[in-house]
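Reviewing the structure listed below.
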Amino acid sequence: MTQEFIYLMAGVLGMLLLASIIGFVLGRKAKTDKARATVDNLNSRTRSWWIMVIIFAGTIYLGHWATVALFFLLSFFALREFITLNPTRKSDHRVLFWTFFIITPIQYFLVGIQWYGLFSIFIPVYAFIFIPIRKALSGDTTNFLSSTAKIQWGLLVCVYFVSHMPMLATLPIKGYEGMNGMLLFFFVVTVQASDVLQYVWGKLLGKKPIVPSLSPNKTWAGFIGGIGSTVCISSLLWWVTPFSPVEAAVMALIICLAGFAGGLVMSAIKRDLGTKDWGDTIAGHGGFMDRLDSLCF
């Protein structure tokens with residue numbers, strides 16, 4: 001519990017308190033059904049953010065294995081949402097057993113013991129080879145390529161990509177020992193702030209969507225305003241990172257662009273599956289994957 005961590009948490013909780021007050025005032029002033037629905041959605045999102053921030057900060061405070069356990073659960077339930085929306089056959093069930101209960105725990109165990117060499121290749125090499133072999137042993141060749149690819153893709157995005165976040169908190173950085181939790185916090189805050197600010201700027205000034213057929217709510221005004229605002233905010237947080245202000249701004253820009261791309265790709269998958277959200281677990285946000293989509297890439 002460093003002084004920097006306390007300051008960072010105070011700032012985040014202060015913004016949440018401000019959002020709660022704004023939501024309360026807007027709720028009192030809303031007159032039309034449409035306005036009340038918008039405010040209710042805003043307040044629902046804010047309440048969910050309170051819970052998510054407290055859980056996230058608590059696990060970082062508790063230490064390395066608590067953080068690993070949190071992201072393991074996030075990966076597990078995100079993968080469950082992904083597989084639920086992708087129809088599977090009876091012959092896939094044993095493959096899925098290995099995916100959920102063997103491969104995913106091993107990946108996070110490698111994070112826990114900080115075996116980076118095997119961690120980095122375990123899923124994209126060994127698991128990707130094992131899955132089609134196990135599928136072939138079932139003898140079912142119907143939609144073999146598509147069903148195998150769906151499981152591999154879900155494992156890649158929901159487990160492999162997500163597992164890099166707790167691994168980020170273990171990187172040995174000279175002169176930054178014991179502070180990696182704040183680097184993870186910086187990363188998550190940057191991505192989520194970009195999401196929120198793109199939504200706000202899009203609502204205020206957004207007219208021209210970037211990809212109308214895919215995500216009509218993602219507008220150029222939201223994209224430019226949201227990412228620009230986030231880069232400014234994140235560069236002011238350089239003091240909790242091993243970066244200079246300029247380096248923090250560049251890292252924030254890269255993170256925001258990757259986050260936007262991740263959200264867009266996962267939206268394309270949802271449209272292909274004919275659904276709006278991955279689930280309804282988190283009030284106002286959808287499912288676990290709806291919160292992780294922009295973090296993955």
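A quick note: this is a predicted structure, and the numbers were derived from the prediction, not measured.
- Linking ILVMFWY residues whenever their side-chain heavy atoms come closer than 4.5 Å, directly or via other members, places Leu79 and Ile106 in the same cluster.
- Remark: the backbone N or O of Ile227 is not paired with any side-chain donor or acceptor of Ser194 at under 3.5 angstrom.
- In this structure, Trp115 places its CH2 atom where only 12 or fewer heavy-atom neighbours from other residues, nucleotides or ligands lie under 6.0 Å away.
- For CZ of Arg134, the number of neighbouring non-hydrogen atoms (other residues, nucleotides, ligands) closer than 6.0 Å is greater than 12.
- Listed for the Asp92 side chain is a donor-acceptor partner under 3.5 Å among the backbone atoms of Arg89.
- Proximity of a side-chain donor or acceptor of Ser120 to a complementary backbone N or O of Gly117 within less than 3.5 Å is detected.
- To the nearest 0.5 Å, the span separating CG on Asn143 from NZ on Lys150 amounts to 7.5 Å.
- With hydrogens and angles ignored, the 3.5 Å screen pairs no side-chain donor or acceptor of Thr141 with any backbone N or O of Phe144.
- Contact detail for Ala57 and Met9: the closest heavy-atom pair is CB-SD, 3.3 Å.
- Under 4.0 Å is where a charged nitrogen must lie from a carboxylate oxygen, and between Lys90 and Asp140 no such pair does.
- The same ILVMFWY cluster, assembled from side-chain heavy atoms under 4.5 Å apart, contains both Val200 and Ile21.
- When the shell of 6.0 Å around CG of Leu204 is examined, it contains more than 12 heavy atoms from other residues, nucleotides or ligands.
- Under a 3.5 Å cut-off, the side chain of Glu177 and the backbone N or O of Gly175 do form a donor-acceptor pair.
- Lys135 and Ser91 share a donor-acceptor pair across their side chains, judged by distance under 3.5 Å alone.
- Between His93 and Thr88, the closest side-chain pair of non-hydrogen atoms falls below 4.5 Å.
- Smallest separation of non-hydrogen atoms from Ala66 and Thr59: CB-O, 3.7 Å.
- Aromatic pair Phe76/Phe288: ring centres not closer than 6.0 Å.
- Interatomic distance, Leu292 CG to Phe77 CZ, rounded to the nearest 0.5 Å: 12.5 Å.
- A distance of 12.5 Å separates OG in Ser267 from CG in Asp272, rounded to the nearest 0.5 Å.
- Hydrophobic clustering of Ile, Leu, Val, Met, Phe, Trp and Tyr side chains at less than 4.5 Å, counting indirect connections, unites Phe187 with Trp238.
- A donor-acceptor pair shorter than 3.5 Å can be found between the side chains of Thr190 and Ser234.
- In terms of heavy-atom proximity, Pro166 sits nearest to Thr67 at CB-CG2, 4.2 Å.
- A continuous path of hydrophobic side-chain contacts links Tyr176 to Ile60 [ILVMFWY only; heavy atoms under 4.5 Å].
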Between Phe82 and Leu155, is the side chain to side chain contact (heavy atoms under 4.5 Å, CB included) condition met? List the steps. CA-CA 9 Å; Phe82 188 95; Leu155 191 61; over 6 Å; no

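- The two residues Ile255 and Phe186 make their nearest non-hydrogen contact at CD1-CE2, 4.4 Å.
- When all heavy atoms of Phe297 and Ala258 are compared, the pair lying nearest together is CB-O, 3.4 Å.
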Using ring-ring contact (aromatic ring centres under 6.0 Å, His included), reason through Phe185 and Phe56 one step at a time and then give a plain yes or no. CA-CA 9 Å; Phe185 211 104; Phe56 181 62; 5.4 Å; yes

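- At least one donor-acceptor pair under 3.5 Å links the side chain of Ser163 to the backbone N or O of Tyr160.
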Chi angles and distances behind the side chain to side chain contact (heavy atoms under 4.5 Å, CB included) call for Leu96, Phe101: CA-CA 8 Å; Leu96 291 173; Phe101 299 107; over 6 Å; no

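- Following chains of ILVMFWY side-chain contacts shorter than 4.5 Å, one can reach Leu273 starting from Val265, so the two form part of one hydrophobic cluster.
- Using modelled atom types, one side-chain atom of Ser235 and one backbone atom of Cys232 make a donor-acceptor pair closer than 3.5 Å.
- The shortest distance between side-chain heavy atoms of Met167 and Thr170 falls below 4.5 Å.
- Rounding to the nearest 0.5 Å gives a distance of 7.0 Å between CD of Gln198 and SG of Cys256.
- Taking both residues in full, the closest heavy atoms of Met165 and Leu184 are given as O-CD1, 3.3 Å, listed atom of the first, atom of the second, then distance.
- Within the structure, ring-ring contact (aromatic ring centres under 6.0 Å, His included) contacts touching residues 118-137 (residues at least two apart or in different chains) are Trp98-Phe130, Tyr116-Phe119, Phe119-His164.
- Looking only at distances, no side-chain donor or acceptor of Thr241 sits under 3.5 Å from a matching main-chain atom of Leu183.
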Decide yes or no on side chain to side chain contact (heavy atoms under 4.5 Å, CB included) for Arg271 and Ser213, but give the supporting numbers first. CA-CA 9 Å; Arg271 296 297 178 271; Ser213 60; over 6 Å; no

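- To the nearest 0.5 Å, the span separating CD1 on Ile123 from CG on Leu118 amounts to 10.5 Å.
- A distance of 13.5 Å separates OG in Ser215 from CE in Met266, rounded to the nearest 0.5 Å.
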Can you list the steps and then say if Trp153 with Ile269 is a side chain to side chain contact (heavy atoms under 4.5 Å, CB included)? CA-CA 11 Å; Trp153 179 254; Ile269 295 175; 3.0 Å; yes

